**Q** 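Got a structure for you, written out below as structure tokens; questions coming shortly.
Start at 1 and go down the list; that is how both ligands and their atoms are numbered. One is the number of the first residue; the rest follow in order along the sequence. The structure displayed is predicted, hence computed values, not measured ones.
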Amino acid sequence: MVLDMFDLSGKVAVVTGSNTGLGQGISKAFVEAGAKVIGVSRSDSTETQEMLGKDNFKYVKADLSSLEPIDGIIKTAVEEFGRLDILVNNAGIIKREDSIDFSVENWDLVMNVNCRTLFFLSQAAARQFVKQGGGGKIISIASMLSYQGGIRVPSYTASKSAVKGLTMTLSNEWAKYGINVNAIAPGYMATNNTQALREDPDRSSAILERIPAGRWGTPDDLMGAAIFLASKASDYVNGFTLAVDGGWLGR
Ligand code: NAP
């Protein structure tokens, strides 16, 4: 049955940024498709764990602005659930400030979480996939600002453009190991990340008017793309950033 290609039974995933928003939605999708999930966030992922059950979802509390937690995250997946098959690099932050005044601190904070740690966590996951044999799946969360410039978010745009580039370069090197590296570029989704935009009446209506689907996206809107890129159904999809944006990029 073709739908069996989307089944994640027996698979183990690490999902960063699992306590809220898009990471919580992706964790839910994976568990519903049969996978076990190790979540990672700075805060406790208790809400996600209550939603999905302790047998299906465990979490590590870690600050991904440094590389220090990486080895422990991979080790936890292997110790708790026996292996690692899927990594979702979802944790991310945004800092808004005019570029003319933009601080080194806001540059480093965003680049460290969204780009530096994303690369080295992907490297650690790929090493585990190679050690196990049988390949694996890496999905990074990109952005509309992997394609566009944005306003007052220079480090975010730089980091998300890097995510799209890294997705291509890593897939070039790791496809030979059976590792699929892809990304999802969400449009404007109703989460904490966009709270400031949604609370600004002018920005909010300007954004809504430009979305052909006529609404903000929700974490549920990413579930299909995440399952596809985590499953056998995408075994011949490499290095691609898939927009889930209600038509934003087509405008
Ligand atoms: P969110 O609700 O703000 O969630 C961000 C997640 O990242 C939280 O789980 C947060 O955990 C985690 N995180 C941030 N800094 C961290 C750190 N230093 N260490 C560990 N975890 C950290 O935003 P979201 O919208 O779900 O965003 C998820 C991803 O989608 C991000 O990469 C974002 O850039 C991307 N994205 C979002 C949109 C959108 O419209 N919402 C659009 C395009 C792309 P804590 O709460 O514990 O800090």
Side-chain angles (χ1 to χ4, degrees), residues 14-29 37-49 51 57 59-70 72-73 87-96 105-106 108-122 139-148 150 153 155-164 166-167 183-200 203-204 207-208 210-211 213 215-223 225-226 241-246 248-249:
V14 164
V15 178
T16 66
S18 53
N19 61 322
T20 184
L22 305 183
Q24 186 176 64
I26 292 168
S27 299
K28 182 167 178 272
V37 175
I38 297 288
V40 186
S41 314
R42 269 179 304 195
S43 25
D44 286 310
S45 292
T46 36
E47 189 183 291
T48 312
Q49 190 170 55
M51 193 188 283
F57 179 90
Y59 64 87
V60 176
K61 221 171 130 172
D63 183 351
L64 296 174
S65 59
S66 98
L67 304 182
E68 193 269 324
I70 288 177
I73 292 167
L87 167 67
V88 180
N89 290 306
N90 164 77
I93 50 170
I94 188 163
K95 294 286 174 191
R96 293 187 168 85
E105 189 194 2
N106 280 345
D108 288 345
L109 269 174
V110 172
M111 290 301 279
N112 283 346
V113 178
N114 296 14
C115 185
R116 186 169 183 260
T117 298
L118 176 143
F119 171 73
F120 286 102
L121 186 54
S122 301
I139 305 164
S140 297
I141 303 302
S143 165
M144 294 297 95
L145 302 190
S146 304
Y147 300 90
Q148 302 178 319
V153 286
S155 56
Y156 188 79
T157 303
S159 71
K160 293 299 184 178
S161 300
V163 168
K164 181 167 170 285
L166 279 172
T167 297
I184 297 171
Y188 285 83
M189 319 296 277
T191 66
N192 300 336
N193 175 288
T194 52
Q195 196 172 345
L197 285 180
R198 284 178 291 118
E199 283 171 358
D200 177 334
R203 290 300 310 280
S204 178
I207 286 167
L208 266 179
R210 197 191 176 285
I211 302 173
R215 64 170 178 86
W216 290 76
T218 68
D220 284 4
D221 287 315
L222 283 200
M223 286 182 169
T241 297
L242 173 62
V244 178
D245 64 350
W248 176 275
L249 285 182

**Q** Which atoms from ligand 1 have a heavy atom of Tyr188 less than 4.0 Å away?
**A**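 Counting from 1, the qualifying ligand atoms are 40 (O).
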**Q** Compare every heavy atom of Met144 with every heavy atom of Ala243, then report the nearest pair and how far apart it is.
**A**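 Heavy-atom minimum between the residues: CB-CE, 4.2 Å.
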**Q** Which protein heavy atom lies closest to atom 34 (O) of ligand 1, and at what distance to 0.1 Å?
**A**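 The answer is Tyr156 OH, 2.6 Å.
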**Q** Return the residue, atom name and 0.1 Å-rounded distance of the protein heavy atom closest to atom 9 (O) of ligand 1.
**A**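 Checking every protein heavy atom, the shortest distance to atom 9 (O) of ligand 1 gives Asn19 OD1, 2.4 Å.
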**Q** Looking only at distances, please establish whether an N/O atom of ligand 1 is found under 3.5 Å from an N/O atom of Val40.
**A**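 Min N/O separation from ligand 1 is not below 3.5 Å for Val40.
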**Q** Quick one: which ligand 1 atoms are inside 4.0 Å of a heavy atom on Ile141?
**A**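 Checking each atom against Ile141, I get 29 (C), 30 (O), 35 (C).
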**Q** With respect to atom 43 (C) of ligand 1, which of Ser140, Ser18, Pro186 exhibits the smallest heavy-atom separation?
**A**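 It is Pro186 that holds the nearest heavy atom.
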**Q** Is there a heavy atom of Lys160 sitting under 4.0 angstrom from any atom of ligand 1?
**A**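 Yes.
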**Q** Pick out which of Val40, Val14, Val15 makes a side chain to side chain contact (heavy atoms under 4.5 Å, CB included) with Val88.
**A**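 With Val88 as partner, Val40, Val14, Val15 yield a single side chain to side chain contact (heavy atoms under 4.5 Å, CB included), made by Val15.
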**Q** Could you note down all residue pairs passing side chain to side chain donor-acceptor pair (under 3.5 Å) where residues 60-70 supplies at least one of them, sequence neighbours left out?
**A**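 Every pair satisfying side chain to side chain donor-acceptor pair (under 3.5 Å) with a residue in residues 60-70: Asp63-Ser65.
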**Q** Taking atom CD as the centre, does Glu47 end up with more than 12 heavy-atom neighbours from other residues, nucleotides or ligands that are less than 6.0 angstrom away?
**A**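 Open.
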**Q** Tell me which protein heavy atom sits closest to atom 37 (C) of ligand 1, plus the residue, atom name and distance to 0.1 Å.
**A**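 Residue, atom and distance for the closest contact: Leu22 CD1, 3.8 Å.
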**Q** Would you sort out whether Leu145 and Val153 count as a side-chain contact (heavy atoms from CB on, under 4.5 Å), showing the intermediate values?
**A** CA-CA 9 Å; Leu145 302 190; Val153 286; 3.5 Å; yes
**Q** Of the protein's non-hydrogen atoms, which lies at the shortest distance from atom 20 (C) of ligand 1, and what is that distance?
**A**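 The answer is Ala62 O, 3.3 Å.
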**Q** Taking C-beta and beyond as the side chain, do Tyr59 and Gln49 meet within less than 4.5 Å on heavy atoms?
**A**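 With C-beta onward as the side chain, the pair touches.
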**Q** For Asn193, which part has a heavy atom under 4.0 Å from ligand 1: side chain, backbone, both, or neither?
**A**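 For Asn193, the contact with ligand 1 is made by both the backbone and the side chain.
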**Q** Taking Asp221 first and then Arg215, would you say they form a salt bridge - that is, a charged N and a carboxylate O separated by under 4.0 Å?
**A**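 Yes.
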**Q** I need the Asn106 CG to Arg96 CZ distance, nearest 0.5 Å.
**A**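 Answer rounded to 0.5 Å: 11.5 Å.
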**Q** Atoms of ligand 1 less than 4.0 Å from Ala142 heavy atoms?
**A**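 Going through ligand 1 atom by atom, the ones under 4.0 Å from Ala142 are 43 (C), 44 (C).
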**Q** Any idea which protein heavy atom is nearest atom 22 (C) of ligand 1, and the distance to it?
**A**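 Result: Ala91 CB, 3.8 Å.
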**Q** Can you tell me the protein heavy atom closest to atom 25 (O) of ligand 1 and the distance?
**A**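 Protein heavy atom with the smallest distance to atom 25 (O) of ligand 1: Thr191 OG1, 2.4 Å.
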**Q** Counting from 1, what ligand 1 atoms have a heavy atom of Thr20 closer than 4.0 Å?
**A**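 Near Thr20, the atoms of ligand 1 are 2 (O), 4 (O), 8 (C), 9 (O).
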**Q** Regarding atom 18 (N) of ligand 1: of the candidates Asp63, Leu222, Asn112, which has the closest heavy atom?
**A**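 Comparing heavy atoms across Asp63, Leu222, Asn112, the nearest one to atom 18 (N) of ligand 1 lies in Asp63.
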**Q** Any atoms of ligand 1 less than 4.0 Å from a non-hydrogen atom of Ile93? List them with their elements.
**A**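 So the answer, numbered in order with elements, is 14 (C), 15 (N).
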**Q** Tell me: protein heavy atom nearest atom 42 (C) of ligand 1, and distance?
**A**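 The closest heavy atom on the protein side is Gly187 O, 3.2 Å.
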**Q** Can you report which non-hydrogen protein atom sits closest to atom 40 (O) of ligand 1, along with the distance?
**A**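 Protein heavy atom at minimum distance: Met189 N, 2.8 Å.
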**Q** Could you list which atoms of ligand 1 come closer than 4.0 Å to a heavy atom of Gly21?
**A**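 In order of numbering, the contacting atoms are 26 (O).
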**Q** Nearest to atom 5 (C) of ligand 1 by heavy atom, Gly92, Gly217, Ser41: which?
**A**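 The residue whose heavy atom sits nearest atom 5 (C) of ligand 1 is Gly92.
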**Q** Side chains of Leu22 and Pro186, heavy atoms from C-beta outward: is any pair under 4.5 Å?
**A**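 A side-chain contact exists here, since the closest heavy-atom pair is under 4.5 Å.
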**Q** Return yes if a side-chain donor-acceptor contact under 3.5 Å exists between Ser45 and Asn19, otherwise no.
**A**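 Looking only at side-chain atoms, Asn19 and Ser45 do not form any donor-acceptor pair under 3.5 Å.
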**Q** Near Asn90, which atoms of ligand 1 are under 4.0 Å from a heavy atom of that residue?
**A**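 So the atoms of ligand 1 that pass are 28 (C), 29 (C), 30 (O), 31 (C), 32 (O).
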**Q** Between Thr117 and Leu64, is there a donor-acceptor pair closer than 3.5 Å when you use the side chain of the first and the backbone of the second?
**A**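 Yes.
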**Q** Tell me which part of Ala190 gets within contact of ligand 1: side chain, backbone, both or neither, using heavy atoms under 4.0 Å.
**A**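 Ala190 to ligand 1: no contact under 4.0 Å from either part.
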**Q** In terms of the angle between their ring planes, are Tyr188 and Trp248 parallel, tilted or perpendicular, with boundaries placed at 30° and 60°?
**A**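 Judged by the thresholds at 30° and 60°, the geometry between Tyr188 and Trp248 is tilted.
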**Q** Less than 4.5 Å apart, any side-chain heavy atom of Asn114 and any of Val163?
**A**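 SC-SC contact between Asn114 and Val163 ruled out.
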**Q** Do Ser27 and Thr48 have side-chain atoms, one donor and one acceptor, less than 3.5 Å apart?
**A**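 No.
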**Q** What I want to know is whether Thr194 and ligand 1 share at least one N or O pair that is separated by under 3.5 angstrom.
**A**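 In fact, backbone or side chain, Thr194 has no N or O that close.
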**Q** At a 4.0 Å threshold, what atoms of ligand 1 neighbour a non-hydrogen atom of Ser43?
**A**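 Selected atoms, number and element: 45 (P), 46 (O), 47 (O).
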**Q** Considering residues at least two apart in sequence or located in another chain, which fulfil the salt bridge (Lys or Arg N to Asp or Glu O under 4.0 Å) criterion with Lys164?
**A**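 Per chain and number, Lys164 pairs via salt bridge (Lys or Arg N to Asp or Glu O under 4.0 Å) with no residue.
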**Q** Is any N or O atom of Leu64, backbone or side chain, closer than 3.5 Å to an N or O atom of ligand 1?
**A**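 So ligand 1 has an N or O lying under 3.5 Å from an N or O of Leu64.
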